[in-house]
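In what follows, chains carry the letters A, B, and so on, assigned in the order in which the sequence lines appear, proteins first and then strands, with residues in each chain numbered from 1.
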Number of protein chains: 2
Amino acid sequence: MSRRTYGQYCAMARALDVLGERWTLLIVRELLTGPKRFKDLLEGLPGIGTNLLAARLKDLEGEGVLRRTTLPPPAGSAVYQLTERGRDLEPVLMGLARWGVDQLGEPHTGEAFRPVWAVQAMKATMGPEAARWVRETYEFHVGEDVFHVRVDDGVSEPEYGPAFEPDLVLRTDGDTFLSLVSGRLEATDAIEAGKLRVEGDPEALARVSDIFGPPVGARRSGTGLGAS
Amino acid sequence: MSRRTYGQYCAMARALDVLGERWTLLIVRELLTGPKRFKDLLEGLPGIGTNLLAARLKDLEGEGVLRRTTLPPPAGSAVYQLTERGRDLEPVLMGLARWGVDQLGEPHTGEAFRPVWAVQAMKATMGPEAARWVRETYEFHVGEDVFHVRVDDGVSEPEYGPAFEPDLVLRTDGDTFLSLVSGRLEATDAIEAGKLRVEGDPEALARVSDIFGPPVGARRSGTGLGAS
DNA sequence: CGGAATCCTCTTCGATACTG
DNA sequence: CAGTATCGAAGAGGATTCCG
């Protein structure tokens with residue numbers, strides 16, 4: 001029962017008492033892109049085991065990080081959703097993403113990959129100069145996954161599910177998407193090869209590949225906290 | 001043996017593969033205030049156990065987060081020191097601190113407390129308006145601990161050990177220090193009560209209590225990442 | 001004495017099977 | 001579909017011992 005704590009009167013240790021256990025922060029990552037059902041979470045956290053997920057969700061609900069709610073009709077399914085306190089964790093996750101991209105390298109064989117993860121990493125590493133003046137929504141269909149990204153003046157907000165009125169809709173498969181975001185493949189080439197289909201403003205395609213083309217626009221860009 | 005990984009091609013998951021195990025980020029926290037010996041780390045991480053600390057240090061050295069070096073004479077002792085890649089983790093720790101202060105509350109009985117932790121939390125929660133125009137160094141002697149804080153135009157940098165040319169030297173005990181930073185006690189009252197001794201510019205004392213007085217100047221201040 | 005390997009007990013994790 | 005129950009395997013915590 002008794003949650004294990006560090007027993008330190010320290011802000012970071014207290015945060016880690018809540019968030020430091022295995023899988024916990026990845027659950028938050030999943031919920032950053034919108035509410036999810038138990039099943040969806042299992043999908044996004046391969047290897048977690050149902051008992052552990054259930055336990056973590058219960059803990060996190062107790063800590064006020066997420067809430068168990070029922071989606072409005074017609075869906076009506078039970079979902080887990082971040083509270084405001086949970087969404088406050090976004091900067092932490094983005095910081096981890098910024099640190100993690102540098103040692104991402106090539107995908108290992110057998111490694112799981114979900115397209116949204118890439119978009120979340122983009123968001124983290126995007127400098128304020130990228131996508132400036134742009135205010136558009138892109139909808140992605142990557143294999144079975146459907147998600148969209150709202151870009152608004154230098155900030156991108158990835159979210160699960162279809163968009164309301166997307167300016168551009170892109171359809172591709174997981175491998176092609178990975179090649180695109182890692183810069184190994186150009187969008188125009190992918191279209192010619194029949195690996196990518198696009199609907200919407202053709203000029204928007206230029207912008208979207210500009211924003212999401214190279215995986216990291218500017219490595220070691222400002223941390224914003226003046227690390228020595 | 002085999003380090004446990006999430007097996008996900010995701011920047012955050014990769015970061016957590018390296019940092020997500022118990023104690024790891026707290027080791028980084030300790031090293032953010034300067035190089036430390038094995039013994040010093042044990043002191044700052046009550047409950048860790050020598051075997052685990054040794055294992056973590058080896059892992060982190062392998063990951064390029066820290067380096068085992070020998071201090072220049074006359075010290076000549078072996079110390080652990082963050083690499084640049086390790087110092088890049090500061091924003092992550094600061095983010096955790098900002099999130100953690102909100103649920104810090106009153107110190108639990110039996111909970112460990114090291115004065116530097118408080119100063120690190122201050123740094124994390126300090127808004128850019130605080131300590132603007134200030135460029136001073138304060139040296140703290142709290143019980144056995146000696147550390148200093150360099151304040152430079154809105155940014156504070158806590159570090160272990162004495163300062164080179166401190167503008168102010170403060171001497172007190174752990175409990176009094178905790179009362180001071182939590183705002184339960186005013187510096188002037190502490191001096192009158194003989195609990196705090198100060199050497200240096202008297203005007204600097206006003207500034208230092210202004211900067212480090214209330215534990216959190218402005219809660220929920222900007223996260224700098226535009227969390228929804 | 002600082003630094004680290006060894007042993008042992010206990011908790012947590014991971015996978016599967018099972019139930020409302 | 002959403003979770004609980006179970007059990008072997010891995011990891012953590014604490015003390016002790018070893019190396020320099």
Side-chain angles (χ1 to χ4, degrees), chain A residues 1-8 13 16-27 30-31 35-62 66-71 73-81 110-112 144, chain B residues 1-8 13 16-27 30-31 35-62 66-71 73-81 110-112 144:
Chain A
M1 260 290 99
S2 65
R3 287 181 59 79
R4 188 189 287 182
T5 82
Y6 287 110
Q8 302 185 355
L16 290 169
D17 282 341
V18 177
L19 309 166
E21 279 160 312
R22 198 164 158 73
W23 294 109
T24 304
L25 279 171
L26 292 187
I27 293 172
E30 288 301 303
L31 295 178
K36 291 217 169 31
R37 291 172 305 173
F38 194 88
K39 173 88 175 301
D40 303 325
L41 289 169
L42 280 176
E43 193 100 351
L45 302 165
I48 191 178
T50 57
N51 57 343
L52 201 46
L53 178 54
R56 291 284 183 273
L57 289 171
K58 204 165 286 178
D59 281 353
L60 286 174
E61 189 172 13
L66 55 82
R67 201 179 317 148
R68 195 175 181 282
T69 53
T70 310
L71 234 46
S77 47
V79 295
Y80 297 89
Q81 181 172 29
E111 214 167 32
E144 301 288 287
Chain B
M1 262 283 109
S2 64
R3 285 183 60 79
R4 187 192 288 182
T5 84
Y6 287 110
Q8 301 186 355
L16 289 169
D17 281 342
V18 177
L19 309 167
E21 280 160 311
R22 199 166 158 74
W23 294 109
T24 304
L25 278 171
L26 292 187
I27 293 172
E30 288 300 303
L31 295 178
K36 293 217 167 35
R37 290 170 304 171
F38 194 88
K39 174 87 175 299
D40 302 325
L41 289 169
L42 280 177
E43 193 99 351
L45 302 165
I48 190 178
T50 59
N51 54 347
L52 200 46
L53 178 55
R56 292 284 183 274
L57 288 171
K58 203 166 286 178
D59 281 354
L60 287 174
E61 188 172 14
L66 56 82
R67 200 178 318 150
R68 194 176 183 284
T69 53
T70 309
L71 234 49
S77 48
V79 294
Y80 297 88
Q81 181 173 30
E111 214 166 32
E144 301 288 289

Is the phosphate of [N] approached by [X] (side-chain N or O, under 4.0 Å from OP1 or OP2)?
X	N	result
K39(B)	dG2(C)	yes
R56(A)	dC13(C)	yes
Y80(A)	dG3(D)	yes
K58(A)	dT4(D)	yes
R22(B)	dG13(D)	yes
W23(A)	dT12(C)	no

Using whole Å, report how far [atom1] of [X] lies from [atom2] of [N].
X	N	atom1	atom2	result
L60(B)	dA4(C)	CG	P	13 Å
I27(B)	dA4(C)	CD1	P	12 Å
L42(B)	dG13(D)	CG	P	13 Å
L52(A)	dT11(C)	CG	P	17 Å
L53(B)	dG3(C)	CG	P	10 Å
I48(B)	dA5(C)	CD1	P	14 Å
L57(B)	dG2(C)	CG	P	16 Å
E61(B)	dG3(C)	CD	P	14 Å

- To the nearest 0.5 Å, atom CG of L19(A) lies from atom CG of L25(B) at 10.5 Å
Where the side chain of [X] is defined as all heavy atoms beyond and including C-beta, which of [options] is the nearest nucleotide?
X	options	value
A78(B)	dG3(C), dG14(C), dA2(D)	dG3(C)
A54(B)	dA12(D), dA5(C), dA2(D)	dA5(C)
R37(B)	dG14(C), dG3(C), dG13(D)	dG3(C)

In the structure I gave you, are the side-chain heavy atoms of [X] and [Y] within less than 4.5 Å of one another anywhere?
X	Y	value
T50(A)	F38(A)	yes
R4(B)	R22(A)	yes
L41(B)	L57(B)	yes

- Message: Run the side-chain contact (heavy atoms from CB on, under 4.5 Å) test on I27(A) and Y80(A) for me, step by step, so that the C-alpha distance in whole Å, both residues' side-chain angles and the decisive distance to 0.1 Å come before the verdict.
- Response: CA-CA 10 Å; I27(A) 293 172; Y80(A) 297 89; over 6 Å; no
- Query: Can you find an N or O donor on one side and an acceptor on the other, under 3.5 Å apart, linking the side chain of N51(A) with the base of dG3(D)?
  - Reply: no
- Task: Examine the base of dA2(D) for any acceptor or donor lying under 3.5 Å from a partner atom in the side chain of T50(A), and report the outcome as yes or no.
- Result: no
